[in-house]
K.L.:
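Just dropping this structure here.
Numbers for residues simply follow the sequence, beginning at 1. If you're wondering where the values come from, they're calculated on a predicted model, not measured in any experiment.
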Amino acid sequence: MSADEHDNNDSRDQDLPDSGHHLSEEEVERALASFEAEFNEGQNQEDQPAEHSGSGVNADPADQGSVEPDEADGVAADFDQELEGLIGNRAKAAVMVTRLASAELLAAFCQISDISAWCIQAREGAVAVLRNLDGDGPEAAIRDLTTVVSGLSAILAVNRADKLEVTLWISGQSGQTLAPPILFAATADFVEDLMIGTTTVDRLRQDGATIFDSGEYNREKAMGIIASHTRFGAGGSTRKGRVE
């Protein structure tokens with residue numbers, strides 16, 4: 001641009017009326033800088049919660065879906081028990097069926113025989129639901145019961161890997177095996193339900209069943225219960241059996 005043209009433009013600019021809204025280049029730059037700074041600050045505040053959120057895109061993947069140690073141990077234990085049940089190393093259920101009229105007496109017999117069980121009252125005969133289901137634990141329990149209480153016979157029913165085995169025991173020895181339908185036809189309905197897993201001891205308790213826990217007795221209390229039943233013949237009979 002020539003000097004004459006520059007002078008002419010200056011003169012034209014001076015001839016324009018002043019509206020009072022013109023900003024200098026310095027003012028425009030300062031305004032833009034201020035706006036940019038406010039924008040960046042707002043972006044930083046929005047991004048900050050995402051950095052600390054466990055579900056945000058910046059969250060540590062190791063934190064997602066984490067399980068508390070106690071919960072993980074419980075899940076692992078349940079899985080191990082389920083696996084043992086599937087392969088038969090742990091029974092799914094085991095009960096001892098007797099002709100005793102009193103579940104309290106059966107619980108006392110279990111206590112002095114070192115058997116951990118819930119004993120359930122039934123018109124057809126008291127039933128002990130065994131807690132120790134590992135290995136040959138059920139067989140060891142009925143062996144001890146029929147040995148300690150001489151003359152007492154009982155039936156052991158065990159569900160291992162969905163296979164039911166029913167055996168008569170007397171004097172610490174296993175004897176005749178029975179077909180499960182024969183046992184179920186002669187016992188309370190809940191026996192079959194327990195063996196196939198359609199009910200539990202807790203559910204039976206909620207339904208009003210009378211249940212005694214052998215673990216709640218000490219030997220002295222258990223012997224007192226046995227004495228009261230055998231002395232007066234109330235609530236049960238050992239079929240002339242005796243405690244050794």
K.L.:
Under 4.5 Å between side-chain heavy atoms, hopping through other hydrophobics if needed: is there a path connecting Met195 to Phe190?
P.N.:
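Yes; Phe190 is reachable from Met195 via cluster members.
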
K.L.:
Between Leu130 and Leu156, is any pair of side-chain heavy atoms under 4.5 Å apart?
P.N.:
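Yes, close enough: below the 4.5 Å cut-off.
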
K.L.:
Would you say Ile120 and Leu100 are hydrophobically clustered, going by side-chain heavy atoms of ILVMFWY under 4.5 Å?
P.N.:
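No, it is not one cluster - the side chains of Ile120 and Leu100 are not joined through contacts under 4.5 Å.
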
K.L.:
Mind checking the CG-CG spacing from Asp189 to Leu194? Nearest 0.5 Å is all I need.
P.N.:
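If I round to the nearest 0.5 Å, the distance is 11.0 Å.
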
K.L.:
Listed by chain and number, what are the salt bridge (charged side-chain N to carboxylate O under 4.0 Å, His left out) partners of Asp213, not counting sequence neighbours?
P.N.:
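With sequence neighbours excluded, Asp213 shows a salt bridge (charged side-chain N to carboxylate O under 4.0 Å, His left out) to Arg131, given in chain and number order.
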
K.L.:
With a 4.5 Å cut-off on side-chain heavy atoms, are Ile211 and Val201 touching?
P.N.:
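The answer is yes; the side chains approach within 4.5 Å.
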
K.L.:
For the CG atom of Leu152 and the CZ atom of Phe109, what is their distance to the nearest 0.5 Å?
P.N.:
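That separation rounds to 6.5 Å.
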
K.L.:
What I'd like to find out is whether the side chain of Ile142 reaches to under 4.5 Å of the side chain of Thr146, using heavy atoms alone.
P.N.:
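Yes, side chains in contact.
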
K.L.:
Using side-chain heavy atoms (C-beta onward) and a distance below 4.5 Å, is Ile155 in contact with Thr167?
P.N.:
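Answer no - side chains too far apart.
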
K.L.:
For the residue pair Ile115 and Leu145, establish whether any side-chain heavy-atom pair is separated by less than 4.5 Å.
P.N.:
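Yes. Closest side-chain heavy atoms under 4.5 Å.
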
K.L.:
Kindly compute the distance separating CG (Leu105) from OG (Ser228), expressed to the nearest 0.5 Å.
P.N.:
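If I round to the nearest 0.5 Å, the distance is 8.0 Å.
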
K.L.:
With sequence neighbours excluded, what pairs up with Glu139 under the side chain to side chain donor-acceptor pair (under 3.5 Å) test?
P.N.:
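For Glu139 the side chain to side chain donor-acceptor pair (under 3.5 Å) partners, ignoring immediate neighbours, are Arg160.
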
K.L.:
Apart from Tyr217 itself, which Ile, Leu, Val, Met, Phe, Trp or Tyr residues share its cluster (side-chain heavy atoms under 4.5 Å, direct or through members)?
P.N.:
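Phe212, Ile225, listed by chain and number.
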
K.L.:
Donor-acceptor pairs under 3.5 angstrom involving side-chain atoms of residues 168-187: please list them, not counting sequence neighbours.
P.N.:
unit_1, atom_1, unit_2, atom_2, d
Thr187, OG1, Leu183, O, 2.9

K.L.:
For a side chain to side chain contact (heavy atoms under 4.5 Å, CB included) check, start with the C-alpha distance between Ser153 and Arg99, then their side-chain angles and the critical distance, and finish with the verdict.
P.N.:
CA-CA 8 Å; Ser153 62; Arg99 291 302 179 188; over 6 Å; no

K.L.:
Between OG of Ser102 and CD of Gln121, what distance do you get to the nearest 0.5 Å?
P.N.:
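One finds 5.5 Å between OG of Ser102 and CD of Gln121.
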
K.L.:
According to salt bridge (charged side-chain N to carboxylate O under 4.0 Å, His left out), who are the partners of Glu192, at least two apart in sequence or on a separate chain?
P.N.:
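Salt bridge (charged side-chain N to carboxylate O under 4.0 Å, His left out) list for Glu192, sorted by chain: empty.
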
K.L.:
Rounded to the nearest 0.5 Å, what separation is found between the CD atom of Gln111 and the NZ atom of Lys221?
P.N.:
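Those atoms lie 10.5 Å apart.
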
K.L.:
Any chance you could pull the hydrophobic cluster mates of Ile196, using side-chain heavy atoms under 4.5 angstrom and chaining through other members?
P.N.:
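For Ile196, no cluster forms, as it stays isolated from other hydrophobic side chains.
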
K.L.:
Please tell me whether Val127 and Leu133 are part of a single hydrophobic cluster in this structure, the criterion being side-chain heavy atoms less than 4.5 Å apart.
P.N.:
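No: no chain of side-chain contacts under 4.5 Å links Val127 to Leu133.
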
K.L.:
Apply side chain to side chain contact (heavy atoms under 4.5 Å, CB included) to Asp207 and list each qualifying residue two or more places apart in sequence or on a separate chain.
P.N.:
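Partners of Asp207 under the side chain to side chain contact (heavy atoms under 4.5 Å, CB included) test: Arg203.
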
K.L.:
Taking all heavy atoms of Ala188 and all of Glu124, pick out the closest pair and write down the distance.
P.N.:
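Shortest heavy-atom separation between Ala188 and Glu124 comes out as CB-OE1, 3.5 Å.
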
K.L.:
Just to verify, what does Arg205 make a salt bridge (charged side-chain N to carboxylate O under 4.0 Å, His left out) with, not counting sequence neighbours?
P.N.:
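Arg205 satisfies salt bridge (charged side-chain N to carboxylate O under 4.0 Å, His left out) with Asp202 once adjacent residues are dropped.
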
K.L.:
Any idea which heavy atoms bring Ala126 and Thr98 closest together, and the distance?
P.N.:
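Result for this residue pair: O-OG1, 2.8 Å.
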
K.L.:
Would you say Asp193 and Val191 make side-chain contact, with heavy atoms under 4.5 Å?
P.N.:
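Side-chain contact under 4.5 Å: no.
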
K.L.:
Would a hydrophobic clustering, with Ile, Leu, Val, Met, Phe, Trp and Tyr connected at side-chain separations under 4.5 Å, put Val158 with Val97?
P.N.:
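No; tracing contacts between hydrophobic side chains, which count when under 4.5 Å, never links both residues.
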
K.L.:
Got a second to check how far Ser214's OG is from Ile112's CD1, nearest 0.5 Å?
P.N.:
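So the gap between those two atoms works out to 11.5 Å.
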
